[in-house]
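Computed from a prediction, not measured in an experiment: that's the story for all the values here.
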Amino acid sequence: MNDIWEGIVRAFQLIFSGDPTVYGIVFRSLFFSGVAAILAVLWATPIAMLLGLRDFRGKSIIKGLFTTLIGLPTVALGLFLWLILSKVGPLGFLGLLYTPGAIILGEALLVTPLIVSIATNAIEAVDPEMMNLAKTLGASESQASIAVLKEAFNGIIFSDVAGFNRAIAELGVALMVGGNLAGFTDVLTTATSSFTARGDFSTAIALSIILLVIVFSINSIIIIARNPRMLFTLGRMPQ
């Protein structure tokens, strides 16, 4: 028990002392996951718009596919990408395996189904008559679509945040295609696993604490931004 408490104390010392190893890992995690989330948003949002605003044959099947892919095991996607990006794979000539680019690509693909599904539901939740009303008032097809997107803005932002959280917290893809190379492709999840295996529990605890703080902070900011009155509610003292 003493070893656990000593590990926790040492973990906070590493955090507050600005340990370069710890914060280097944090920076890489934020950068890789941030870029991956942005890439996923760029192609997932148009897909969500198509699914949410248009009716076509096979739409329910495609939506069901994206919903199913949310639960795709990260190690399965990691293995698939490893086979593609390895020297004997079809994309091996790109030299992406065990590089930051491979992690970013893998995480972007991983979170795409999540972003598409949540954003699609948010768009479909908007009153269907809004688009018709916008067209009646003289709006073009694209302008009417933008009006619907504005109404679904909160839900779309939530999908983007959920995608980032999934990316920064995943392990399988980053480990298999990134290789957990110290100072190059190690991120919060892979480094935590590596330090734990080596018996360096204080560093592993420090990284876990930082990961939890990042995810909790981002979620809290989004929740408060969507409902600013919550700040006043939380600030009230019970009578």
Of all pairs that satisfy salt bridge (Lys or Arg N to Asp or Glu O under 4.0 Å), the ones with a partner from residues 22-43, not counting sequence neighbours
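Residue pairs with at least one partner in residues 22-43: R28-D186.
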Check whether the side chains of S202 and D200 place a donor and an acceptor atom closer than 3.5 Å, and report yes or no.
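A donor-acceptor contact under 3.5 Å links the two side chains.
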Stepwise, does the side chain to side chain contact (heavy atoms under 4.5 Å, CB included) test hold for L30 with F164?
CA-CA 9 Å; L30 291 171; F164 173 82; 4.0 Å; yes
Partners meeting side chain to side chain contact (heavy atoms under 4.5 Å, CB included) with T21 (sequence neighbours left out):
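Here the qualifying residues are D19, I25, F195.
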For the atom pair [atom1] ([X]) and [atom2] ([Y]), what is the distance rounded to the nearest 0.5 Å?
X    : Y    : atom1 : atom2 : answer
L114 : D160 : CG    : CG    : 10.0 Å
F201 : I8   : CZ    : CD1   : 12.5 Å
I168 : I214 : CD1   : CD1   : 4.5 Å
E151 : I123 : CD    : CD1   : 12.0 Å
L188 : F32  : CG    : CZ    : 11.0 Å
I70  : L110 : CD1   : CG    : 10.5 Å

Could you see if [X] belongs to whatever hydrophobic cluster contains [Y]? Use Ile, Leu, Val, Met, Phe, Trp, Tyr and a side-chain cutoff under 4.5 Å.
X    : Y    : result
L211 : L207 : yes
V215 : I210 : yes
V26  : L175 : no
V187 : V35  : yes
I115 : L69  : no

Taking all non-hydrogen atoms of both residues into account, name the closest pair between [X] and [Y] and its distance.
X    : Y    : result
L14  : Y23  : O-CE1, 4.2 Å
R54  : K59  : O-NZ, 2.9 Å
A122 : G155 : CB-CA, 3.7 Å
L39  : A108 : CB-CB, 4.2 Å

Please check if the number of heavy atoms outside K150 that lie under 6.0 Å from its NZ is greater than 12.
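Result for NZ/K150: open.
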A quick test of your reading: do over 12 heavy atoms of other residues, nucleotides or ligands sit less than 6.0 Å from CG of L42?
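Yes.
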Considering only residues two or more places apart or on different chains, which pairs with a residue in residues 33-47 satisfy side-chain hydrogen bond (donor to acceptor under 3.5 Å, both in side chains)?
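For residues 33-47: S33-E107, W43-T112.
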Would you list the pairs meeting side-chain hydrogen bond (donor to acceptor under 3.5 Å, both in side chains) in which at least one residue belongs to residues 190-199, sequence neighbours left out?
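Non-adjacent pairs meeting side-chain hydrogen bond (donor to acceptor under 3.5 Å, both in side chains): N180-T190, S194-R198.
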Members besides I47 in its Ile/Leu/Val/Met/Phe/Trp/Tyr cluster (side-chain heavy atoms under 4.5 Å):
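Reading the cluster by chain and number, I47 sits alongside L50, L51, F56, I62, F66, V116.
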Would you confirm whether S159, through its side chain, and I118, through its main-chain N or O, come within 3.5 Å as a donor-acceptor pair?
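Pair absent, no side-chain N/O of S159 close to backbone of I118.
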Can I get a per-line list of side-chain donor-acceptor pairs under 3.5 Å for residues 79-92, giving both atom names and the distance, sequence neighbours left out?
from	atom 1	to	atom 2	distance (Å)
W82	NE1	Y98	OH	3.0
S86	OG	W82	O	3.4
S86	OG	L83	O	3.2

Sub-4.5 Å side-chain heavy-atom contact between T74 and R166
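Sidechains of R166 and T74: in contact.
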With a 4.5 Å limit on heavy-atom distance, are the side chains of P113 and T67 in contact?
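Side chain of P113 against side chain of T67, heavy atoms only: no contact under 4.5 Å found.
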